[in-house]
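Reading through the structure tokens given below for one structure.
Proteins come first, then strands; the chains are lettered A, B, ... in the order of their sequence lines, and each starts at number 1.
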Amino acid sequence: MDQKNDFIRQIIARDLEAGRHDTVVTRFPPEPNGFLHIGHAKSIVLNFGIAGEHDGARCHLRFDDTNPSTEDPRYVEAIQDDVRWLGYDWGEHLYFASDYFERLYGFAEELIRKGLAYVDSQSEEAIREGRGTVTKPGTPSPCRDRSVEENLDLFRRMRAGEFEDGAHVLRARIDMAAHNMIMRDPLLYRIRHVEHYRTGDEWCIYPLYDFAHCLEDAIEGITHSLCTLEFENNREIYDWLVENVTIDARPRQYEFARLNLDYTVMSKRKLLRLVKEGRVDGWDDPRMPTIAGLRRRGFTPASIRNFCEMIGVAKADSRVDMGKLEYAIRDDLNRKAPRVLCVLRPLRVTLTNWPVDAETGEPEVDWIDAPHFPRDVGLEGARRVPFSGELLIDEADFAEDPPKGFRRLVPGEEVRLRYGYVIRCDEVVKEDGRVVELRCSYDPETRGGDTPDGRKVKGTIHWVSAPHAERCTVRLYDRLFSVPDPDAAAAARGEDADISDFLNPESLEVIEGAYIEPSVRDDGFETRYQFERVGYFWRDPGSDGLVFNRIVTLRDSWAKVGTKLTGLGGGTSGDDGADGAERPGDSAESRSGGSGAAIPGKPGERPPVSPEVQARADALVEAFGLDAVDAEILARDPAVVDFYRAAVQAWPGEDSDAATSLANWIINALPPVQGSRSLDQLPFGPAELAELVALVEEGTLSSRGGSEVLEVLARDGGTPADIVEKLDLAQVSDEDALRPVVQRVVAAHPDKVEAFRGGKTGLMGFFMGQVMRETGGKADPELAQGLLREALDGP
RNA sequence: UGGCCCGUCGUCUAAUGGCAGGACACCGGUCUUUGGAACCGGCGGUGGUGGUUCGAAUCCACCCGGGCCAACCA
């Protein structure tokens, strides 16, 4: 198993290494207002997975039950079932936000006492209007400057139940003009005279997410609080609260991209609607992307875990191809599922030369040993299947007028019955033009499917013995929606469109008259089968009798050929689900923004700048002969201009390019090491920068070494000369010192040398990298490159 | 339109200034008593334009494209 190394695990590794934490504590914090879906599985696998990778680490299961009007204990049960089913164990660490209500209330009073929160008695609309818009700042509430005493009194009376719903709210006092709308005095508590499923009527005020979540994390000692991208804006209030409340913990929030899957939706609200409107048969309908749905469909926990690990964790919005999920379950089941024979759409086959028992006059029955697994799976197990003169094969496995490449039964030709005999179709019986029976002869020499004479039989098809087979129901599931992105499709169609307009009408096909071999009769519900040549199935856990759910089809390269040749779905099951054709609804293809690539790069026009900036820039051009663009970048911030001018002043040498070099360093190299600090917060000043750049210009330092020094400077301060000396960063420009290194590198990689000489010039980077590594990054790059070229060109 | 975030094969994801790699999908082939599996091979990518650097997917600037934020939801 290769090590996962996504950006979150990298952050954790760095934090552990830096000693910021002794171990890592994560949490999975669902609200019990619906069932978990595969998007949650991604989060569960991430959070519990990380906890499993470190000593002493743990992952809490916490129910974020702060909104009693939408929550229900039945969801609490379902969620625990799902997490357990996925294979994770929270041990002792089961928590409920509602258990923290008293402590959270205490934090709220603390904020009030610090003047950081106030009771607002405006109406809901007034609060909304006061918040402003993304482009207009908000206006302060008239209640914003209430005294601490009044706020405390009001808040206590809110708790005591003296007010109606909506009469007051508690808000943080932050900044009504903040660019981040969430920071415009966010609501902390609202009054809700609603019974909570755990605390009953103990409370009539309930905390909001932004207030509660970060403090819950802090209370539990969570170190890394992982959530999805849409909470990025909330991180600011998260940090603000944790810092302004007395608590001995400093959790950090990190955001990753939520999972989007093609042909389904991933929103509890929308899934709930599908359930409520009866579009599906409950939260656990096998077409639903819920954990419960996938479980009922027949997916295994391992397949879902593998899927989640396959898709990775990153920050880019993404939409995963259904094929990946299908691969995960096929990959798992291929190695586990016993093979059996099941005929979905039966076509009668009569063997005209099948023997009759001489004594009884009854047709004989041949019980054949058939392995449960093909050789390459390597598992033991077998059953006996009855073979007789009255057989059923799948309609799709016979063609009177076969397309090119058809390798099944056709008139006058042979086909092998899996594990059975080779048969030949002699006669096609029709009724009203429909094929109703095939009269065939079997070859008694081919029992088990072997051909002792060595003749090749191209096709092998599945079958059952009609008198012995069990009649069963088979449910064929397909994608829930007919478009890859139902949300986008609905949005593109307009106001009155809804995702339910894009439900796939063929997402469920029920076949009542299928026939399966009798060996399955005594198996338990938990057995997952491969119906050979058809797909993976298991018995529907919610149904009595023989009712099979299709988990996933087999990969079917014939179906693709059929699609290509005929333009129609081919495939054994008749439902290929393979056409990815765009429906009219999603004309607005939202992905892979085409225009950027299509329009040949027109030169970037620079936006207009303010007169002040322009004036400063002009002055810089005038004084130092800077490039206009560089001057403008520097000129945006007067502090940067001052810094730059001071650096030029401090320039120790007489290099005429000093002005340009300094500008380059300030523009290109400084921002990454500066971080969010302002220039005067840096532990070094213009003089040090000037000294550093001079060191590079005179050749004492390579530009690479200069970057290293700058990094140290920005972190620890000091002077460039000292750092160069302490870290031994002085550039090696001595040809005699470098030549052996170059020769060593070249000698160590004869294959690369050959490739380089063969034209793979990109390898120069590789060789340079090697030389740099050997010299600790100190080699004079120009010199090293020259020597490398020399060594590489001639043997 | 203000702020924040994000753009790497068709899709998902690595590369943390030094050989653009893997997975799924797709296309060929080998093998095959599953048109399955396995194995081998192939196709195919850094949104654009400038700049910094010996060297840029990576750093800087601008442009383009996408996402999130104006619930008393989470």
Can you tell me, in whole Å, how much space there is between the P of rC60(B) and that of rC6(B)? 12 Å
State whether the distance check finds a donor on one side and an acceptor on the other, under 3.5 Å, for side chain Asn260(A) versus base rG67(B). no
If I pick the C1' atom on rU58(B) and the same atom on rC26(B), what distance separates them, to the nearest angstrom? 30 Å
For the base of rG36(B), is there a side-chain donor-acceptor partner from Asp556(A) under 3.5 Å away? no
By the 4.0 Å heavy-atom rule, please label Glu124(A) as base, sugar-phosphate, or nothing. base
His749(A) and Phe766(A) aromatic centres sub-6.0 Å: yes
Return yes if a side-chain donor-acceptor contact under 3.5 Å exists between Arg258(A) and Thr228(A), otherwise no. no
Is the base of rG35(B) touched by the side chain of Arg408(A) through a donor-acceptor pair closer than 3.5 angstrom? yes
Centre of Phe307(A)'s six-membered ring, under 6.0 Å away, within 45 degrees of the axis: is that where NZ or CZ of Lys324(A) sits? no
For a quick check under 3.5 Å, do Glu532(A) and Gln530(A) share a side-chain donor-acceptor pair by atom type? no
4.5 Å side-chain heavy-atom contact, Met764(A) and Leu792(A): yes
What's Arg258(A) touching, base or sugar-phosphate or nothing? Going by heavy atoms closer than 4.0 Å. nothing
Round to the nearest Å and state the distance from His749(A) atom NE2 to rG18(B) atom C1'. 12 Å
Please check the phosphate of rC59(B) (OP1 and OP2 only) for any side-chain N or O of Ser707(A) closer than 4.0 Å. no
Could you give the distance separating rA71(B) and rG48(B) at their P atoms, to the nearest angstrom? 38 Å
Measure from the ring center of Phe537(A) to the ring center of Tyr529(A) and say whether it is less than 6.0 Å. no
When the P atoms of rC72(B) and rC62(B) are compared, how many Å lie between them, rounded to an integer? 35 Å
Per atom distances to the Lys760(A) side chain, the nearest of rC72(B), rC19(B), rG35(B) is rC19(B)
Pairwise distance NZ(Lys315(A)) to CG(Leu229(A)) - rounded to 0.5 angstrom: 6.0 Å
For Gly459(A), which contact category applies under a 4.0 Å heavy-atom criterion: base, sugar-phosphate, or nothing? nothing
For a quick test of reading the model: is some side-chain N or O of Arg636(A) closer than 4.0 Å to OP1 or OP2 of rA61(B)? no
One should report the stems of RNA chain B, each a stretch of at least three consecutive Watson-Crick or G-U pairs at distances under 3.5 Å, as B:2-7 with B:64-69, B:10-13 with B:21-24, B:26-30 with B:38-42, B:47-51 with B:59-63
By a strict heavy-atom criterion of less than 4.0 Å, which residues belonging to residues 770-780 of chain A are in contact with RNA chain B? Met772(A)
Can you tell me how far C1' of rC26(B) sits from CH2 of Trp558(A), to the nearest Å? 19 Å
Considering only atom P, compute the distance from rG2(B) to rA56(B) and round it to an integer number of Å. 33 Å
Against Ser141(A), only a single residue in Ile127(A), Val169(A), Asp120(A) fulfils side-chain contact (heavy atoms from CB on, under 4.5 Å); can you say which? Asp120(A)
Judged by each residue's nearest nucleotide on RNA chain B, which is more toward the 5′ side, Pro781(A) or Asp331(A)? Asp331(A)
With a 3.5 Å cut-off and just heavy-atom distances, do the side chain of Arg606(A) and the base of rG50(B) make a donor-acceptor pair? no
For Asn664(A) and Ile191(A), take the nucleotide of RNA chain B holding the closest heavy atom to each; which residue's nucleotide lies nearer the 5' end? Asn664(A)
Atom-to-atom span, CG of Asp6(A) to P of rG22(B) - whole angstrom: 20 Å
Need one value for Asn33(A): base, sugar-phosphate or nothing, where a base atom within 4.0 Å counts as base even if backbone is also close, heavy atoms only. nothing
How far does the C1' atom of rC43(B) sit from the matching atom of rC24(B), given to the nearest Å? 15 Å
So, does the side chain of Lys324(A) form a donor-acceptor pair with the base of rA25(B) at under 3.5 Å? no
Using whole Å, what does the distance between atom C1' of nucleotide rG17(B) and atom CD of Glu711(A) come to? 11 Å
Examine Tyr206(A) together with Tyr189(A) and report whether their ring centres are nearer than 6.0 Å. no
Same-atom distance (C1') from rG17(B) to rA57(B), integer angstrom: 11 Å
Indicate whether OP1 or OP2 belonging to rA74(B) is found under 4.0 Å from a side-chain N or O atom of Thr66(A). yes
Which nucleotide in the set rU13(B), rU52(B), rG18(B) lies at the smallest distance from any side-chain heavy atom of Arg704(A)? rG18(B)
Give me syn or anti for rA61(B), where syn covers glycosidic angles within 90 degrees of 0. anti
Just how far, in rounded Å, is P of rC69(B) from CZ of Phe231(A)? 10 Å
Between Arg184(A) and rA71(B), is there a side-chain N or O to OP1/OP2 distance below 4.0 Å? no
Are Asp331(A) and Arg335(A) ion-paired here, with the side-chain N under 4.0 Å from a carboxylate O? yes
Between C1' of rA38(B) and CZ of Arg555(A), the distance in whole Å: 11 Å
In whole Å, measure the gap between the P atoms of rC54(B) and rG67(B) for me. 40 Å
Let me know the distance between CD of Glu125(A) and P of rA71(B), rounded to the nearest Å. 12 Å
Just compare rC60(B), rA74(B), rC24(B) and give me whichever is closest to any side-chain atom of Asn668(A). rC60(B)
So is the aromatic ring of Tyr209(A) stacked onto the base of rA74(B), judging by whether the centres are under 5.5 Å apart and the planes are under 30° apart? no
Pairs under 3.5 Å (N/O, protein and nucleotides 2-6 of chain B):
unit_1, atom_1, unit_2, atom_2, d
rG2(B), O2', His179(A), ND1, 3.0
rG2(B), N3, Val134(A), O, 3.2
rG3(B), N2, Asn233(A), OD1, 3.2
rG3(B), N2, Asn233(A), ND2, 3.4
rC5(B), O2', Glu232(A), OE2, 2.6

Side-chain donor-acceptor pair under 3.5 Å between Asn33(A) and Glu71(A), yes or no? no
Heavy atoms only, 4.0 Å cut-off, all strands: where does Pro672(A) land among base, sugar-phosphate and nothing? sugar-phosphate
Base, sugar-phosphate alone, or nothing: which one does Leu763(A) contact when heavy atoms must sit under 4.0 Å apart? base
Exercise: do Asp210(A) and Asn234(A) side chains pair donor with acceptor under 3.5 Å: yes
Aromatic centroids of Phe211(A) and Tyr238(A) separated by under 6.0 Å: no
Between Glu129(A) and Thr139(A), do the side chains contain a donor N or O and an acceptor N or O under 3.5 Å apart? no
Do Glu216(A) and Tyr209(A) have side-chain N/O donor and acceptor atoms under 3.5 Å apart? no
Just compare rC72(B), rA37(B), rA14(B) and give me whichever is closest to any side-chain atom of Val169(A). rC72(B)
